[in-house]
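Chain A is the first sequence line, chain B the second, and so forth, proteins listed ahead of strands; every chain is numbered from 1. Being a predicted model, the structure only gives us computed values, none of them experimental.
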Amino acid sequence: MAAKANDVLEKIVSLSKRRGFVFQSSEIYGGLNGCWDYGPLGVELLKNLKEEWWKFMTYRDNVEGLDASILMHPRVWEASGHVENFTDPMIDCKQCKSRFRVDILADSIAVKKQRKMLDTAAPKLVTHWLYAGGANVSDFDDSKVAEIFTSILEDKEFNSVLIEELNCPQCGNKGTFTSPRNFNLMFKTFVGPVEDSGSVVYLRPETAQGIFVNFLNVHTAARQKIPFGIAQIGKAFRNEINTKYFLFRTREFEQMEMQFFVNPDADKQWYDYWKAERLEWFKNLGISPYKLRYHDHPANKLAHYAKEAADIEYEFPFGWGEIEGIHNRTNFDLTRHEEFSGKSQKYFDEESKEKFIPFIIETSAGASRAFMAFLVDAYREETVNNELRVVLKLHPRLAPLKAAILPLVNKDGMPEYSRKMETDLRKRFKVFYDDKGAVGRRYRRQDEAGTPFAITVDTQTIEDDTVTIRERDTMVQERISSSRVAEYLFEKLG
RNA sequence: GCGGGAGUAGCUCAGUGGUAGAGUGCAACCUUGCCAAGGUUGAUGUCGCGGGUUCAAGUCCCGUCUCCCGCUCCA
């Protein structure tokens, strides 16, 4: 069972590479863990699904679009709680396999001892910023020493000096620690030419904050009244400890988020509404309904900002996995931003004459995860005439290529006729021309790419301007007038 | 981070210290008459990367990277 599930995933990884859906990042250099590139077909599929989401979510009178920058003021992440909650360097004892948070480990060591260790280690720390000005450990009080001790423990360049001397609180052995691993999920970088602590910025770990900080801008500019939402699609970055399952857990990924601002009295109603809407979206794009389910978070497991939360899960070959989260984030985020920025985030309701900080209902989908769910769900192996047929039964609106144009044979004017048809259709549809090999082989090639329609030009075409259109899933052909092909595709693509 | 498996042609894989292989795919040409047809010809390999042992390494040893699986982690 597990082996079989694994097979499916490996086949999809293989197909993805062979046909140009997904390549490993930096492959010729040996790859980069947890990063993937979208190839010619992959980028079309990804673009299509993002467009479906965008239309579904923002082609409404109460949702506006936004594209916030990836780099934001570092205080944003203090307000959001990410700096505090995501900065947990961990250290492992190789002897007894215990794991400790570095700051907690440091707390367990008496300040007196810390001071002594720093003194002893001083010759090896002369290039550390702490000693740059000729400072001495004895110049600092206890709390400063503790702070310095922890910061050196967390400093990649210098921590080995102290770690070698540490005893494991669990088993008592000395020098058995690994280097601390920084389990902070945020990638850090620097603005400007100087790489010091004052210039630190983060690659956003979620797109949501870009929406929250623009709440009042959008409200004013778009003249929206509550309830209304702001939607955004964009990259986010998390320095995950472990990446996993192909595209499922990656370090760089894309989110499709919508934050809906509501009167606190109406939170439940809108939470339920969006929860239902979002599941429908996946179903309407053809995902097998029995492979979708809600996972409601029990009250005692909710994140600190959430009042109610549910995941939409898809049953991947490796098990159920979250592809979208719906949260009632309450007024947590705006309250925090008001506090940290000093700018009021209150909303004045003209009708009720009340002033309040809105509650936020969040729908947060992973575009990369959705991509994988659609791909996995579409993958089929069928037996046709005792031959294996691999077909991606992607929804036509998601399919990277909408139609293939195939001259039955390369003579009697068929290629010329086909080329002309290709030129006409290409203006409006992503189409593919193929005259290589037998037509049966060409059909199968398109099946594997998920192309929903194949238009074949044959002898009769030359005589009466009709072509056959072959449908991917049923392999049934119908003959229609050449002049109706574009119309036909429009109809089928909704 | 820990433990297990894997990495050789685009893909799937064989190759048990002695000349780098198969199937499939790909490209060109011939042949075609609707579901992976046939023929001819051709191209593609730092055997993941780096060291070591050896007269000789895809093969043995060490390190490292990446992928998969199980833990751990995932406010």
> Given atom CG of D311(A) and atom C1' of rC74(B), what is their separation to the nearest angstrom?
Replying inline: 12 Å
>> Partner lookup for rA57(B), please. Criteria are Watson-Crick or G-U wobble with both distances under 3.5 angstrom; report none if nothing qualifies.
In response: none
>> Test of understanding: with salt bridge (Lys or Arg N to Asp or Glu O under 4.0 Å), list the residues that count as partners of E382(A), not counting sequence neighbours.
In response: R389(A), K393(A)
> What integer number of Å spans the P atoms of rC29(B) and rC35(B)?
Replying inline: 25 Å
>> Tell me which nucleotide, if any, is Watson-Crick or G-U wobble paired with rU40(B) when both distances must be under 3.5 Å.
In response: rA28(B)
> Quick check, are the ring centers of Y271(A) and F260(A) under 6.0 angstrom apart?
Replying inline: no
> G319(A) near the nucleic acid: base, sugar-phosphate alone, or nothing, with a heavy-atom cut-off under 4.0 Å?
Replying inline: nothing
>> Starting the side chain at C-beta, find the nucleotide from rC34(B), rU32(B), rA36(B) nearest to N410(A).
In response: rU32(B)
> Base, sugar-phosphate alone, or nothing: which one does K411(A) contact when heavy atoms must sit under 4.0 Å apart?
Replying inline: base
> If you measure from the P atom in rG3(B) to the same atom in rU46(B), how many Å do you get, rounded?
Replying inline: 32 Å
Show each protein N/O and nucleotides 37-39 of chain B N/O combination with a separation under 3.5 Å, one pair to a line.
{"residue": "rA37(B)", "atom": "OP1", "partner": "R441(A)", "partner atom": "NE", "Å": "3.3"}
{"residue": "rA37(B)", "atom": "OP1", "partner": "R441(A)", "partner atom": "NH2", "Å": "2.6"}

>> Counting the atoms with a prime plus P, OP1 and OP2 as sugar-phosphate, which does R389(A) contact under 4.0 Å by heavy atoms, base, sugar-phosphate, or nothing?
In response: nothing
>> If I pick the P atom on rC65(B) and the same atom on rA22(B), what distance separates them, to the nearest angstrom?
In response: 35 Å
> Quick one: does NZ or CZ of K492(A) land under 6.0 Å from the six-membered ring centre of F453(A), within 45 degrees of the ring axis?
Replying inline: no
> Rounded to whole angstroms, how far apart are NZ on K11(A) and P on rC13(B)?
Replying inline: 10 Å
> What's the shortest heavy-atom distance between E257(A) and W53(A), and which atoms?
Replying inline: O-CH2, 3.3 Å
> To the nearest Å, how far apart are E448(A) CD and rU24(B) C1'?
Replying inline: 12 Å
>> Under 3.5 Å for both donor-acceptor distances, Watson-Crick or wobble: does rG23(B) have a partner, and if so which one?
In response: rC11(B)
> Where do T363(A) and E324(A) come nearest, in terms of heavy atoms and distance?
Replying inline: CB-OE2, 3.5 Å
>> Quiz question: going by heavy-atom distance under 3.5 Å, is there a donor-acceptor pair between the base of rC35(B) and the side chain of R442(A)?
In response: no
>> Taking only side-chain N and O atoms of S14(A), does any of them lie within less than 4.0 angstrom of OP1 or OP2 on rC11(B)?
In response: no
> Hey, does K244(A) reach any base, or is it just sugar-phosphate, or nothing, if we go heavy atoms under 4.0 Å?
Replying inline: base
> Which nucleotide sits closest to the side chain of L408(A): rC35(B), rC74(B), rC34(B)?
Replying inline: rC34(B)
> If you measure from the P atom in rA57(B) to the same atom in rG51(B), how many Å do you get, rounded?
Replying inline: 13 Å
> Step by step, would you call E44(A) with K47(A) a salt bridge (charged side-chain N to carboxylate O under 4.0 Å, His left out)?
Replying inline: CA-CA 5 Å; E44(A) 289 293 332; K47(A) 177 185 69 68; 3.7 Å; yes
>> Looking at every non-hydrogen atom in both residues, tell me the closest pair between L394(A) and P400(A) and how far apart they are.
In response: CD1-CD, 3.8 Å
> Which part of the nucleic acid does F246(A) contact within heavy-atom distance under 4.0 Å: base, sugar-phosphate only, or nothing?
Replying inline: sugar-phosphate
>> Check this one for me: any side-chain N or O of N33(A) less than 4.0 Å away from OP1 or OP2 of rC67(B)?
In response: yes
>> In whole Å, I'd like the distance from the CG atom of N385(A) to the C1' atom of rA36(B).
In response: 11 Å
> Considering Watson-Crick and G-U wobble pairs with both distances under 3.5 Å, what does rC35(B) pair with?
Replying inline: none
>> I need the CZ-P distance between R18(A) and rC26(B), as an integer number of Å.
In response: 10 Å
> T456(A) side chain: which of rC11(B), rC34(B), rA75(B) is closest?
Replying inline: rC34(B)
>> R441(A) vs D434(A), test: salt bridge (charged side-chain N to carboxylate O under 4.0 Å, His left out). Steps then yes/no.
In response: CA-CA 10 Å; R441(A) 180 181 298 270; D434(A) 193 0; over 6 Å; no
>> Please classify the nucleic acid contact of D458(A) as base, sugar-phosphate, or nothing, using heavy-atom distances under 4.0 Å.
In response: base
> Starting at CE of M186(A) and ending at P of rC73(B), how long is that distance when rounded to a whole Å?
Replying inline: 21 Å
> Does a distance-only test, which skips hydrogens and angles, find a donor-acceptor pair under 3.5 Å between the side chain of Y245(A) and the base of rC68(B)?
Replying inline: no
>> Using atom C1' in both nucleotides, what's the gap between rU44(B) and rG21(B) to the nearest angstrom?
In response: 14 Å
>> Taking pairing as Watson-Crick or G-U wobble with both contacts under 3.5 Å, can you name the mate of rU64(B), or confirm there isn't one?
In response: rG48(B)
>> How many whole angstroms separate atom CE of M414(A) from atom P of rU31(B)?
In response: 14 Å
>> Ignoring hydrogens and geometry beyond distance, is the side chain of Q477(A) in donor-acceptor contact with the base of rC34(B) at under 3.5 Å?
In response: yes
> Quick one: R470(A) CZ to rG33(B) P, roughly how many Å, whole number?
Replying inline: 19 Å
> How far, in whole Å, is rU19(B) from rG5(B) if one measures between their P atoms?
Replying inline: 29 Å
> Just checking D412(A): base, sugar-phosphate only, or nothing, at a heavy-atom cut-off of under 4.0 Å?
Replying inline: base
> Rounding to the closest angstrom, what is the interatomic distance between rG38(B) and rG70(B) at atom C1'?
Replying inline: 49 Å
>> Of the listed nucleotides (rC67(B), rC69(B), rA36(B)), which one gets closest to any side-chain atom of L9(A)?
In response: rC69(B)
>> As a quick check of understanding, evaluate side-chain contact (heavy atoms from CB on, under 4.5 Å) for F212(A) and R329(A), giving each step before the final call.
In response: CA-CA 11 Å; F212(A) 301 148; R329(A) 298 186 66 121; 3.7 Å; yes
> Out of rC73(B), rG33(B), rC68(B), which has the shortest distance to the side chain of E10(A)?
Replying inline: rC68(B)
> OP1 or OP2 of rC73(B) sitting under 4.0 Å from any side-chain N/O of R238(A)?
Replying inline: no
> Taking for each residue the nucleotide of RNA chain B with the nearest heavy atom, is it Y305(A) or K436(A) whose nucleotide lies nearer the 5' end?
Replying inline: K436(A)
> Taking a pair as Watson-Crick or G-U wobble with both distances under 3.5 Å, which nucleotide is matched to rC2(B)?
Replying inline: rG70(B)
>> Regarding L15(A), tell me which of base, sugar-phosphate or nothing describes its non-hydrogen contacts under 4.0 Å with the strands shown.
In response: nothing
> What do the steps show when you test E478(A) against Y488(A) for side-chain hydrogen bond (donor to acceptor under 3.5 Å, both in side chains), and what is the final call?
Replying inline: CA-CA 11 Å; E478(A) 65 178 298; Y488(A) 177 96; 3.2 Å; yes
> With a 6.0 Å cut-off on ring centres, are Y314(A) and F316(A) close enough?
Replying inline: yes
>> Roughly how many Å apart are rG15(B) and rG7(B), using the C1' atom of each and rounding to a whole number?
In response: 15 Å
